[in-house]
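Inspection log for the structure reproduced underneath, given as structure tokens.
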Amino acid sequence: MSENPLPGMHIVPATASDYKGLMSISKGIYRGVDPLPFKYREWLADPQRKMFVAKAEGKVVGFSLFVLIDGGTTAVFDCLRIAPGMRGHGIARELQQYCLDYGWSKHLEVKTILFMEESETAKRVLTQYQQVHSKAIISVLIPHDQMEEKIKLLEHRLESLGGRRPVVVALSPSEVLHLFDNPNTTEELLPKGLLIQSWIPYSTCRSNLELLLRRGVVWFYSQPSSISPRSNEICIGTPISKFSTRDSCNTHQEPSASNPVPLPHSSSQPSPLPCTSSHFLSLGCSPFPVPLGNGTYCFEIDLFGTDPTSAQTHVLHQLIEMQRVLPSGATVVCYLFAEKSLRDELTQFCQGLEPFNEVTEQHVLETKDCTIIPKCCL
């Protein structure tokens, strides 16, 4: 379909009054696992997140946003959507170009532009733009009345592997900051230097880590399985008890003015964290409701490392922690984001759980030219 200008269209910063109009163009997006209905008002209040709507004849016809990270030097563009029936009028191009111009003109410190894309659209642009990193996505649907059964299935599957398994610990804020003080840790856990959480590719600078610590992310960490569980080097953080125990350490602290998550001072001196080639890290988001219906929530687990047994162990512990904070009767769509080398092992580990398979890959694309927009974004 050819692109024709849409008469009378204008682009403005999004406001709370745009919510209903935005929801009217968002029906069915991501197969009903759309974060925007739940996150919209929270994102409006986020000074690092800039959101814009395209309007024509008083109606919302498009939406896009970008997030400032890395101390304001990087802008991440995401969440583009155009009203059904309004595509082919150049709305996406105009909206994205407006966002790019706004970002470069209002935030002079921005040096890097990143786009987050999915498998269905990214492949055709990988030869034109720098692919910074890509990860595999495995997704499953766990009905509320099968939650206990499916978690027990994963417990038994992991126990049947035999051998040594890593000891998983919950990291405190000071331990999170200290973990990335060592550049060797960053290199081993994050080959591209990116801590991708909920589709935002953060570097490990302190401002980014503090931002994540304020967002109720659960940080689980493990040492190599070759280290004895009795070693003092492994006993950092709060060890998570046996799989079947539901009393794991809660790091889901929702920030608020009256209940902020405390951050350590630079002088904090947590226990040393040794560096070896088999460390593993996982980040679990706070489960959030989505439009899919029947009390469905979305839960995302971002995995960092390449050891299959560690990956499976972390998935299980994150699901156990998720179940502990999940509202009663909630069904969950769970997304696992992992290195591509782990796709087969994680897919096999999740056998017996209903595949959701909305997307299968996650791509980070980069451009430093404000005039270039990936075709997948248009």
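The figures here come from the full heavy-atom set of this structure, side chains too, leaving out hydrogens, waters and symmetry mates.
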Please say whether more than 12 non-hydrogen atoms of neighbouring residues, nucleotides or ligands are located less than 6.0 Å from [atom1] in [X].
X: Asp145; atom1: CG; answer: yes
X: Glu187; atom1: CD; answer: no
X: Lys59; atom1: NZ; answer: no

[X] side chain vs [Y] backbone, donor-acceptor pair below 3.5 Å:
X: Lys135; Y: Ile196; result: no
X: Thr296; Y: Val332; result: no
X: Ser105; Y: Asp101; result: yes
X: Tyr98; Y: Ala54; result: no
X: Asn182; Y: Asn184; result: yes
X: Ser139; Y: Asn357; result: yes
X: Arg157; Y: Phe349; result: yes
X: Asn208; Y: Tyr202; result: no
X: Asp70; Y: Thr73; result: no
X: Arg343; Y: Thr360; result: yes

Say whether [X] and [Y] are linked into one hydrophobic cluster, either directly or through other cluster members, by side-chain heavy-atom distances under 4.5 angstrom.
X: Tyr30; Y: Phe288; value: no
X: Ile301; Y: Leu158; value: yes
X: Tyr40; Y: Val67; value: yes
X: Ile25; Y: Phe38; value: yes
X: Leu211; Y: Trp199; value: yes

Under a 4.5 Å cut-off applied to non-hydrogen side-chain atoms, are [X] and [Y] in contact?
X: Arg165; Y: Glu159; answer: yes
X: Leu316; Y: Ile151; answer: yes
X: Gln197; Y: Phe337; answer: no
X: Val33; Y: Tyr335; answer: yes
X: Gln362; Y: Ser134; answer: no
X: Ser222; Y: His279; answer: no
X: Gln146; Y: Leu353; answer: no
X: Leu336; Y: Cys350; answer: yes

Worksheet item: Within 45 degrees of the axis of the six-membered ring of Phe77 and under 6.0 Å from its centre: does Lys50 put its NZ or CZ there?
Response: no

Which distance, rounded to the nearest 0.5 Å, do you find between the [atom1] of [X] and the [atom2] of [Y]?
X: Cys298; Y: Asp34; atom1: SG; atom2: CG; value: 10.0 Å
X: Glu300; Y: Gln318; atom1: CD; atom2: CD; value: 12.0 Å
X: Phe304; Y: Leu194; atom1: CZ; atom2: CG; value: 9.0 Å
X: Leu319; Y: Met147; atom1: CG; atom2: CE; value: 8.5 Å
X: Trp219; Y: Leu281; atom1: CH2; atom2: CG; value: 6.5 Å
X: Tyr297; Y: Leu292; atom1: OH; atom2: CG; value: 13.0 Å

Worksheet entry | Pair Lys55 + Asp18: basic N to acidic O under 4.0 Å | yes

Item to complete: Inspect the contact between Glu321 and Arg324 and indicate whether a charged nitrogen and a carboxylate oxygen are less than 4.0 angstrom apart.
Response: yes

Determine the minimum heavy-atom distance between [X] and [Y], stating which atoms define it.
X: Thr331; Y: Pro143; result: OG1-CA, 3.6 Å
X: Leu177; Y: Leu209; result: CD2-CB, 3.6 Å
X: Pro287; Y: Met322; result: CG-CG, 3.8 Å

Practice prompt. Starting from the C-alpha separation in whole Å, work towards a yes-or-no answer on side chain to side chain contact (heavy atoms under 4.5 Å, CB included) for Gln130 and Leu365.
Written response: CA-CA 6 Å; Gln130 180 182 354; Leu365 306 178; over 6 Å; no

Can you confirm whether the side chains of [X] and [Y] place a donor and an acceptor under 3.5 Å from each other?
X: Lys111; Y: Thr74; value: no
X: Ser64; Y: Gln96; value: yes
X: Glu148; Y: Gln323; value: yes
X: Gln131; Y: His363; value: yes
X: Thr306; Y: Glu339; value: no
X: Glu210; Y: Ser207; value: no

Worksheet entry | salt bridge (Lys or Arg N to Asp or Glu O under 4.0 Å) partners for Asp46, two or more places apart | Arg49, Arg215

Practice prompt. Determine, using ring centers only, whether Tyr102 and Phe52 are less than 6.0 Å apart.
Written response: yes

Practice prompt. Report the relative orientation of the aromatic rings in His314 and Phe280; use parallel for angles under 30°, tilted for 30 to 60°, perpendicular for over 60°.
Written response: tilted

